[in-house]
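These notes concern the structure reproduced below.
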Amino acid sequence: MDGMEFDGADDLISGMENALKIYPDLVEDGLKKERKDFNKDMVKETWRAVDKHTGNLVRGFRFSKIRANKYNMETDFFAEGSKKGAHFHLVNNGHEMVTVVSRNKKKVQGGGKTVGFVPGRRIKEPVIERWNLEHGRRAEKMLEKIHEEIDK
């Protein structure tokens, strides 16, 4: 996933680093909620952008395990999680239409020619832009929750 940039990030990052040292479980729970919400937005945006709803396109949406080190926790989003659902990049970026090369293990005459181009739907980019705008607010809310736990 692309990096997030917004105003006041330095203070927020230092606050999250301190919170991670004190309460790593709360930070991990907040990150899991962020993953779930991001996935919902990706699915919603995908079905809004695509004409044919087969169900195979969003089957491959998944996240890596949460990795933690001294100062941060991170996870990665994958849109192509399986071989059966491995065509999200074609819908997102666009692709050439090519005629069939073989049928029933026999080569087709005139096969393999490019007959057109399908433009990309650009599904991922608007979702990431919205998350860049909202992520700072969500992280501050998570920090407030952690401070409430500290004060108990």
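Summarising the geometry, atom NZ belonging to Lys65 is positioned 13.5 Å from atom CG belonging to Asp76; distances are rounded to the nearest 0.5 Å. How far CD of Glu140 is from NE2 of His135: 10.5 Å, rounded to the nearest 0.5 Å. For the atom pair Phe78 CZ and Phe88 CZ, the distance stands at 14.0 Å (nearest 0.5 Å). Here CD1 of Ile123 is found 12.0 Å from CD1 of Ile128. Values are rounded to the nearest 0.5 Å. The distance from atom CZ of Phe63 to atom CD of Glu74, rounded to the nearest 0.5 Å, is 13.0 Å. Going from atom CZ of Arg138 over to atom CH2 of Trp131 covers 4.0 Å, rounded to the nearest 0.5 Å.
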Only pairs under 3.5 Å count here: list side-chain donor-acceptor contacts from residues 98-112, not counting sequence neighbours, and write none if there are none.
residue: Thr99; atom: OG1; partner: Gly112; partner atom: N; Å: 2.9
residue: Thr99; atom: OG1; partner: Lys113; partner atom: N; Å: 3.0

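Leu90 is not connected to Val58 by any chain of hydrophobic side-chain contacts under 4.5 Å among Ile, Leu, Val, Met, Phe, Trp and Tyr, and they are in different clusters. Residues Val118 and Leu57 are members of separate hydrophobic clusters, defined by side-chain heavy-atom contacts under 4.5 angstrom among Ile, Leu, Val, Met, Phe, Trp and Tyr.
The side-chain heavy atoms of Glu125 and Asn92, taken from C-beta on, include a pair separated by under 4.5 Å.
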field: Pair Asp37-Lys33, salt bridge (charged side-chain N to carboxylate O under 4.0 Å, His left out): steps then yes or no
entry: CA-CA 6 Å; Asp37 292 344; Lys33 185 179 182 321; 3.1 Å; yes

message: Glu45 vs Arg48, test: salt bridge (charged side-chain N to carboxylate O under 4.0 Å, His left out). Steps then yes/no.
response: CA-CA 5 Å; Glu45 184 73 23; Arg48 194 170 57 76; 2.6 Å; yes

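Glu96 contributes no side-chain N or O that, together with a main-chain N or O of Val115, makes up a donor-acceptor pair within less than 3.5 Å. No side-chain donor-acceptor contact under 3.5 Å links Arg121 to the backbone of Thr46. In terms of modelled atom types and a separation under 3.5 Å, the side chain of Thr75 and the main chain of Ser64 share a donor-acceptor contact.
When all heavy atoms of Leu31 and Met73 are compared, the closest pair comes out as CD2-CB, 3.9 Å. Residues Phe117 and His95 approach most closely at CD1-O, 3.3 Å, considering heavy atoms.
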